[in-house]
2 protein chains.
Amino acid sequence: MVQSPVLRSPVTASDRLLLEIQRAIVEGDIPAGSKISEPELARRFQVSRAPLREALARLERCHLIERLPNVGARVVTLSVAGLLSLYQLREELEGLACRLAAAHMDDQEIDELKQLLEKHLSTQRVRDGESYYQEEGDLDFHYRVILGSKNSYLINILCDELYFLVRMYRVQLGMNGPRVSRAFDEHKAILNAIANRDGELADLLMRRHISASRHNIELQLKQMGT
Amino acid sequence: MVQSPVLRSPVTASDRLLLEIQRAIVEGDIPAGSKISEPELARRFQVSRAPLREALARLERCHLIERLPNVGARVVTLSVAGLLSLYQLREELEGLACRLAAAHMDDQEIDELKQLLEKHLSTQRVRDGESYYQEEGDLDFHYRVILGSKNSYLINILCDELYFLVRMYRVQLGMNGPRVSRAFDEHKAILNAIANRDGELADLLMRRHISASRHNIELQLKQMGT
DNA sequence: ATAAGGCCTTTTGTCGACAATCTGCTTGTT
DNA sequence: AACAAGCAGATTGTCGACAAAAGGCCTTAT
């Protein structure tokens, strides 16, 4: 089984490029919707175009850029329609992941996940309402559950192909509302269901959790619009 | 909205390569599990390694090959576990696609799909039990429904990333049983549900349809094993 | 004034060669 | 005889340059 591209440490130049450009796009350092100039990026990162193009191919794979033949690449634009499509998928896929995780995670993995949540709780109390938790911690929990499904295709789609786009929406729309503590409780409920081997319940709770998260971002979007 | 890589006619050398190698792998012309030699393929298709590597990157994207840094690419191996994972996902995703299609397909699209089924029926009657229907026609129906969902991420995952692997399993395990006519009836029932705007029912029927198809292939696999 | 057409510049796609890394074998040692 | 170290061959990753295509700009005709 091949390891996830995002987890393995960068061994090659294009690996390093991928991580750097990924971060730059997610953080908005390279603005959404902007054209990508291969010569410019090659100069900026001090590499030839060969590894750069390899990295661009992988960026396309995680939906951060769009390429047209003989025209070039462009950073994706964020939209309400895109957000809805994305979260629609996440609801379905992460729901499935929960059902599978309840069946396939062993007791040790569940224990480790419990400990992770406890760590989140303390972190959250120390710097309550901090966006760090929302950005990394939340996704970390989801990450673990997805890995627990043991379905390699599901893992690949969620962790490699959609993960960064989700982060991009969150970062660029400034997710830092009061949903943090609520999200934590929801995580705990989901994990309980998994620990009880109640896949159906975990599925349902995860769908609600993601649905609530989507609502939250939609609100943020409309708030910005007015 | 960027057009599907598999639909657009090949404009560049790597496009052409992708199609040719895709076919070769799906049909077993390049055997499952075999190592991919870049120099060899480059000679075989009369191109340099640059477009070849571009094509390989896209082949990895649709799960037909697996690459390791500094080691190279290898055609995927087919396994029961892989098949189950794949069909698990399809059930979920194509179920969702049906629900969305019932909501988003317009009357004209539904009419066209009805005509497609009629065409399948006549084709099936003429050369009944032919594998052509099973290979192309069935996937064609699924294809249309997926496109009808209007969810670009869902379309991308199913039509670009999983489609060819599904075909590979079917072709290499020789799907040509008596399921053909039954599958046709199931398609008709699904389409009816969509036409009636009954997304829930379409979802349920599609899940059953795929589940039955999975059972069929599993049977074939076990039959080969004994 | 506007629209069509052709040039020019820039960008993308492809090529062949070089550098870095891995694989398998030989060789030497315990 | 078994195992480790090192070497040779081949393969992958990267580079710089060339070819082909797209987009912009100017000219020209209506």
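Quick note on labels: first sequence line is chain A, next is B, and so on, each numbered from 1. Please read these numbers as outputs of a predicted model, since none were measured by experiment.
- The CG atom of A:Leu18 sits 16 Å away from the C1' atom of D:dG13 (whole-angstrom rounding).
- B:Glu94 and B:His142 form a side-chain donor-acceptor contact under 3.5 Å, judged by distance and modelled atom types alone.
- Here the side chain of A:Asn151 pairs a donor or acceptor atom with the backbone of B:Ser85 at under 3.5 angstrom.
- Counted by atom type alone, B:Ser14 and B:Arg58 present one or more donor-acceptor pairs between their side chains at under 3.5 Å.
- A donor-acceptor contact closer than 3.5 angstrom links the side chains of B:Gln108 and B:Glu112.
- A distance-only check finds no donor-acceptor pair linking the side chain of B:Thr12 to the backbone of B:Asp15 [under 3.5 Å].
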Contact state string [nucleotides 12-24 of chain C, B base, S sugar-phosphate only, - no protein heavy atom under 4.0 Å]: BBBB-B---SS--
